[in-house]
Amino acid sequence: MLITHAHGDHYEQRTVDALATPTTRLVVPQVVYDGLPEAMRARASLLHNGQSADLGGFAVEALPMYNTTPDRQKYHVKSVGNGYVLTIADRRVYIAGDTEDIPEMRALKSIDLAFLPMNLPYTMTGQQAASAARAFRPKVVYPFHYTNGPEPADFRAELAGDKDIEVRLRDWYTDPVA
């Protein structure tokens, strides 16, 4: 399990307990590691921003996730949570976590699949997420973490002219395919 940060919609110990099997491994930032029960810590890989680990079959790199807008910085502070890049065989998957359009995201290379959050005031607008996607050019991108606002449609519209980035939308909270 990859856990990005300690907010209740990203980490809840009761949910981890319900989903974890005896062989489940966790990848977590310090703030989550500190809250894990002792038995669960033994199965956790603690990664700080910039660190990576080989998890037997794939590599994971922890990247920053944070807010840059002054009045939103209280929601996600730099170096507290992790976004992740997974490398599985020759595929690279980026899971942004809760973040705004940050330089570390824009600098990514060779991303096959990306998950970008959109949910004000906590993350980005559809336009900001599209701008970030245009910068690092994932082959396929799923916006996530949005509610019923205009963000997904705005995101898709912003990227409509870019044939090299495939946008896939899902209703994450009710769609059985998701």
Side-chain angles (χ1 to χ4, degrees), residues 1-21 24-53 55 60-86 93-106 108 111 113-133 136 138 141-152 154-155 169-175 178:
M1 283 183 211
L2 301 172
I3 301 174
T4 59
H5 60 295
H7 290 171
D9 58 334
H10 292 263
Y11 166 66
E12 180 183 59
Q13 188 60 48
R14 183 177 67 216
T15 303
V16 172
D17 291 341
L19 295 173
T21 70
T24 298
R25 298 217 23 219
L26 299 139
V27 178
V28 300
Q30 186 76 54
V31 68
V32 173
Y33 185 85
D34 291 345
L36 289 173
E38 192 63 38
M40 196 69 71
R41 284 185 188 178
R43 298 187 298 171
S45 294
L46 168 61
L47 291 183
H48 299 284
N49 296 168
Q51 292 183 320
S52 59
L55 297 179
V60 61
E61 179 185 352
L63 298 173
M65 53 151 268
Y66 57 95
N67 290 95
T68 57
T69 304
D71 64 336
R72 295 187 214 160
Q73 290 177 354
K74 61 188 172 198
Y75 300 119
H76 303 102
V77 177
K78 189 172 185 177
S79 300
V80 172
N82 291 335
Y84 297 103
V85 173
L86 306 174
V93 179
Y94 174 53
I95 302 163
D98 280 3
T99 188
E100 285 189 76
D101 177 2
I102 58 174
E104 297 88 346
M105 181 189 312
R106 288 179 162 271
L108 291 170
I111 299 295
L113 177 62
F115 295 88
L116 299 182
M118 298 181 305
N119 185 17
L120 289 181
Y122 308 106
T123 63
M124 300 182 270
T125 66
Q127 291 87 358
Q128 289 170 316
S131 177
F136 73 91
V141 62
Y142 284 93
F144 78 100
H145 207 308
Y146 53 82
T147 55
N148 294 326
E151 288 88 0
D154 291 347
F155 179 76
L169 300 180
R170 293 286 187 269
D171 180 350
W172 294 105
Y173 303 102
T174 61
D175 187 342

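Only this structure's heavy atoms are used, side chains among them; waters, hydrogens and symmetry mates stay out.
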query: Passes side chain to side chain contact (heavy atoms under 4.5 Å, CB included), I102 versus K78? Steps please.
result: CA-CA 10 Å; I102 58 174; K78 189 172 185 177; over 6 Å; no
task: Could I get the full list of side chain to side chain contact (heavy atoms under 4.5 Å, CB included) partners for D101, not counting sequence neighbours?
output: R106, M124, S131, A132
message: Run the side chain to side chain contact (heavy atoms under 4.5 Å, CB included) test against T15 and tell me which residues pass, sequence neighbours left out.
response: E12, L19
Between [Y] and [X], is there a side-chain heavy-atom distance shorter than 4.5 Å?
| X | Y | result |
| --- | --- | --- |
| Y11 | V28 | no |
| V32 | L26 | no |
| P117 | N119 | no |
| T125 | D154 | no |
| S52 | L47 | no |
| M1 | R43 | no |

Shortest non-hydrogen contact from [X] toward [Y]:
| X | Y | value |
| --- | --- | --- |
| G81 | N49 | O-ND2, 3.0 Å |
| M65 | G97 | SD-CA, 4.0 Å |
| L116 | A129 | CD1-O, 3.6 Å |
| A114 | P138 | CB-CB, 3.8 Å |
| V141 | P143 | O-CD, 3.9 Å |
| F155 | G126 | CD1-O, 3.5 Å |

Do [X] and [Y] have side-chain N/O donor and acceptor atoms under 3.5 Å apart?
| X | Y | answer |
| --- | --- | --- |
| N67 | E100 | yes |
| Q73 | Y75 | no |
| D98 | H7 | no |

message: Rounded to the nearest 0.5 Å, what separates atom CG in L46 from atom CD in Q30?
response: 5.0 Å
query: Hey, what do you get for CD1 (I111) to OH (Y94), rounding to the nearest 0.5 Å?
result: 8.5 Å
Would a distance-only check, ignoring hydrogens and angles, find a side-chain to backbone donor-acceptor pair under 3.5 Å from [X] to [Y]?
| X | Y | answer |
| --- | --- | --- |
| N82 | P64 | no |
| R72 | Y66 | no |
| H76 | Y122 | yes |
| Y84 | I3 | yes |
| E104 | L63 | no |

- request: Verify the neighbour count for atom CZ of F115: are there more than 12 heavy atoms of other residues, nucleotides or ligands below 6.0 Å?
  value: yes
